[in-house]
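First the proteins, then the strands, lettered A, B, ... as listed; each starts at 1.
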Amino acid sequence: MTYNKQNKSVLVVGAGISGIQAALDLAELGADVHLVEETPSIGGRMPQLDKTFPTNDCSLCILAPKMSECARHPGITLHTYSSLASISGEVGNFSCQINEFPKYVDPQKCVGCGICEQKCPTKIMDEFDMGLRQRKAIYRYFLQSIPSNYVIDAAHCLYLTKGACRLCEKECTAGAINFEDKAKTITLSCGAIVLATGIDPYNPISYGEYGYKKFKNVITSLEFERLLSASGPQKGHIVRFSDGKPPQKIAFIQCVGSRDVNVKNEYCSSVCCMYAIKEAIIAKEHIKNIEPSIFFMDIRAYGKDFDKYYERAKAQSGVRFVRSKVAEINETNGGSLSLRYTQEDGKLKEESFDMVVLSVGLEPRKGIDKMSDKSDIKLDEYGFCRTGQFTPLATTKEGIFVIGGMSGPKDIPESVMAASGTVAECAKFLALERQAKVSKKVYPPELNVIGDRPRIGVFVCHCGINIAGVVDVEKVAEVAQKLPNVDYAQTTLYACSQDSLNIMKDKVKEHNLNRVIVAACTPRTHEPLFRETLREAGLNQYLFEMSNIRDQCSWAHMNEPELATQKAKDLVSMAVAKARNLNPLDRLLIQVNPKAIVIGGGLSGMVSALAIAEAGYEVVIIEKDSELGGNLKNIYYTLDGKEVQKLLKETIDKVKSNPLITTYTNAKIDNISGYIGNFKTQLSVNGNGLAANTEIEHGIIVVATGAEEYKSKEYLYGEDARIITQLELEKRLSVIANRTPQTEHRKPNTDTKAPKTVVMIQCVGSREKDRLYCSRVCCSEAVKNAIEVKRIYPNADVYVLYRDVRTYGLMEKYYTKARENGVVFIRYEPEYKPQVEILDKEDINSKLRITTIDPLLESKVIIEADLVVLSCAIDAPTRNKELAKLLKVPLNADGFFLEAHAKLRPVDFATDGVFICGLAHGPKDMEESIIQAKGAAGRALTVLSRQTMEAEGTICWVNPIRCTACGVCVEVCAYSAIEIKEKEILPGVVERVAEINEALCKGCGVCAASCRCSAIDLKGFTDEQIFEAIGAGSG
Amino acid sequence: MSENRIPITDNRDWQPKIIAFLCTWCSYAGADLAGVSRIQYPPSIRVIRVPCSGRINPIYVLKCLQNGFDGVLISGCHPGDCHYITGNYYARRKFALLKTMLEFVGIEPGRVQFSWVSAGEGEKFAEVAKKVTEDIKKLGPSQRGATSRLVK
């Protein structure tokens, strides 16, 4: 289908991790992105979290770089403190109205110093800290907010409510307060819309029996998260609210507001098991003698590397797991809490705890119903946004997409995958051309400074009174003026204000400056701004150095002005010493070949290839088998009854009919060389017994090589035709129900009569030695097939022997349905696995006997069945090793490909230009595979859509004369950017030396620090620059 | 060497001079957060920002001591948090070795310290800064003589 492409803008609603990632990727594609966020800062829920599972990464640390990238990106316009008012029009040309709330603080003038906040007399509950702390009426949403400016909360400001106060206005030295500010409505024209309004934590007030808000020491998991956070209300100290003492025994109660019909939330919230385990582990790290207990129904550690985390919590962190639903909590003396719960043996127990954490579920964000009215999208029975199972990012309205928690509870990586996937979805509706230039802006030509005497300009910022109130900035400037090579040194009121930036440019010209130092706040937020100013002044942006005399000096030593001034002088001297040795740096321009290869022609590979081709780029699919389809060939229907073979046929047809897609079947990759934008892949293709070799030049690689069903060696699999796998059962049922394609329509001879008793055994090969992971799909697969067995044979008895039922997310309702249909679920302990026996091997009519121990009844259960179905693990193919070597990317301990970051880069590899999706990444279902495939395509499109890319400027380089080719650098480089190569190091002298691929180097400098011969140095942080800084600081 | 030791005077006003190498993604951000939260710590530390703790060549530490700094603090992302995937692990290995070497040549333990501070740990950064300063105050000024032989 062709669309009326006339618009290149996209509206993204909600700036949590989903919205931020979508905005970044869409902007990289070349779209003009408008990012609308209701709160005063971007970031969403992630900044509220202390750590993320299963890596215990600091949540804010991994998010903050994305937040600042988002704020800086020239393709993204932020509309914080704004909300979507209405949407009209159709795909390709939506008209969106945005309400911008008055901030009453001029963001151009506000420097984020916080003096206003100190003076403001009004205190209210802080939403960001879940009400555990108070904030002022003029406030910053959280300390690391972006934008970092303050806003006035009009509902609570004394002046705006009662007409008196204006203290902030008097105190603000920047003159940023503007009480005349008015609400504005703006209208944007957009080609596509991405909704990412996220989730709200469930409010457990309706669980009266748990006494939330009644008992001080009963808190929610998000409140506990804030307690754990080092920047939270208790600065990372876990204390009880009743007496401020550290608790010893903490109980976590799972499924509060999830899997509960009584509160109308029947679904599973997907993340609570893992976050509770995480909180328990972290609590234990904070206070050694803490005893955490988790009360749960099933532990749903279904994600990549989750089960290992769960096992570690049990074995190493001493977290106690109690399989029970807590009936009631009562407060006893001293704020302690008595929990009443039924043990597994049915006996009632009372146990005392110091603190209770309610693991609250996720709900659709408030106001989503209004959003649905405004935008013509439909919601599901729980109030989440409705999507199609084969089109999991599409809402019911064409051109409007949904990602993140808005379409159902999900974890961060799934949200990020979906966010990148919007690129693939939106690309076909937008009027985009391949971007010729890296930057849209035109700069004056750069002055050649090489060989010139350094002429350094030093600008010392007052930052109002933030610096000048403590540090004697005039003295600092005086000292700077006397330093060698400093031609200009002056103070400035606010270095970052537009007038100061203009002065800076003038001074560069006037004094012919060729190095600039700004002594002010932190380079983490302001370096990009000043570098930009240097470029505008005709200087290379790397001829800049920042000296942090506010965040790390005046603010940290407020009571020691003299010593702080001395420190500031030292810091500026060090910056000058370093700046003297700064060199202009180039950012290598990499030409990008606009062709993609997709390795693997299963569902993920095909979806990914189609998304790239539909955006207008050539794709080559490399499939090892003789036909496309992969594992999808073995799946016939979904939980909600959709026909999968139809999807398969349609997808293959689309791939075959797309002129931009070339498919090689029976193909094997022999070699891959090159780097992002410029790969070369050699193939041998076997056709009709003849092998032909082909070489493809391409810009990116998508790895979609899939996985396979584990062939069980247990439970007598293979010894009796009545012991089969879930996939085999699915095929049989589909033949009976006429779901299989016509060609396969023949009845298997073993299935002539209806089974009377079917026993399914879960976790065959999963969650045990050799495969310490959950295969994620088997529980829902078993539930799906159990329901189907009951549908076809209503009189059959179906038993499912399981360890934990992991029908996470919105699939929970099918678990309920299976039980309602009479499917019996019996748990088994991994120590006492079920035993399968063939009663009489000679007699094919004899029964199969399954013996298991029911931990509930503590007794043996014997079932005589005529069909045993094994839910076999998803296994990583051993051939992954070979491919990983060719691609120079890592595998995890289980043999699946290891992404660049478990949470925030789930479709990227550390090696640029290589992307991952589908089962190759880890077990997942069809819907998740489609999302990740679109995500990989989306990330790939951000590369393919540009003619050239800029590499980093601060990268490593090798002095070949010094290099001994020892190879240490090759080993330590996490990005596979270094190779040992033969090279002419002097005229006529050829030696083996290390060579750094400038396109791949990320500039961490690990190789430089590890080089035994000092042959490698890091530009921008050279040994010489650092030595000079050390020398100047010792002054 | 002990006869060369500069006598430690119990001078409460004496502020040691300490160089801190902080990785830009975690520890430097943590130090910024300490400031933003107005958490006070002694003004003894001069920060040199590096992209990754893995970039810190052990020779920098020796250079600092040779140049008369009284101590050196090195801080990076917590294990597992490295922005460059594994840089801090290499840093950890290097400094484990450096530590034994420093002890061997007679640099008092405590003069060179290592820590992990995340971007969210402003409080922790201030604590580390306080502790390093206190420890080095107890040790007294560094003796250039002992170390200058190390690095020429």
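- Interface remark: Tyr60(B) contributes backbone and side-chain atoms alike to the contact with chain A (heavy atom separation under 4.5 Å).
- For Tyr28(B), the parts lying near chain A are the backbone and the side chain together; criterion is any non-hydrogen pair under 4.5 Å.
- Here Gly54(B) is the residue among Cys23(B), Cys26(B), Gly54(B), Ala119(B) with the most heavy-atom pairs under 4.5 Å with chain A.
- With salt bridges taken as basic N to acidic carboxylate O contacts below 4.0 Å, none links Glu134(B) and Lys131(B).
- Both the backbone and the side chain of Gln40(B) have a heavy atom closer than 4.5 Å to some heavy atom of chain A.
- Contact check on Asp1023(A) versus Arg55(B) returns a salt bridge, with a Lys/Arg side-chain nitrogen under 4.0 Å from an Asp/Glu carboxylate oxygen.
- A salt bridge links Lys308(A) with Asp305(A); the closest basic N to acidic carboxylate O contact falls under 4.0 Å.
- Contact count versus chain B (heavy atoms, under 4.5 Å) is highest, among Leu60(A), Asn56(A), Ile1026(A), Leu571(A), for Ile1026(A).
- Just one of Val572(A), Val476(A), Val576(A) meets the side chain to side chain contact (heavy atoms under 4.5 Å, CB included) condition when paired with Ser547(A); it is Val572(A).
- By number of non-hydrogen pairs under 4.5 angstrom with chain A, the leading residue of Asp70(B), Thr86(B), Leu33(B), Ile19(B) is Leu33(B).
- Within the 4.5 angstrom heavy-atom criterion, only side-chain atoms of Glu560(A), from C-beta onward, approach chain B.
- Contact annotation for Glu971(A): only backbone heavy atoms (N, CA, C, O) come within less than 4.5 Å of a heavy atom of chain B.
- In terms of heavy-atom pairs under 4.5 Å with chain B, the best-connected choice from Met558(A), Gln144(A), Arg550(A) is Met558(A).
- If you tally non-hydrogen atom pairs under 4.5 Å between each of Cys52(B), Ala91(B), Gly87(B), Pro51(B) and chain A, the highest count goes to Pro51(B).
- Neither the backbone nor the side chain of Ala64(A) comes within contact range of chain B; no heavy atoms are under 4.5 Å apart.
- Counting only distance, with no hydrogens or angles, the side chain of Lys278(A) and the backbone of Tyr309(A) share no donor-acceptor pair below 3.5 Å.
- With salt bridges taken as basic N to acidic carboxylate O contacts below 4.0 Å, none links Asp129(A) and Arg135(A).
- For chain B, the option among Gly1003(A), Ser1010(A), Ala910(A), Pro523(A) with the highest count of heavy-atom pairs below 4.5 Å is Pro523(A).
- A salt bridge is absent between Glu1028(A) and Lys578(A); no separation between the charged side-chain nitrogens and carboxylate oxygens falls under 4.0 Å.
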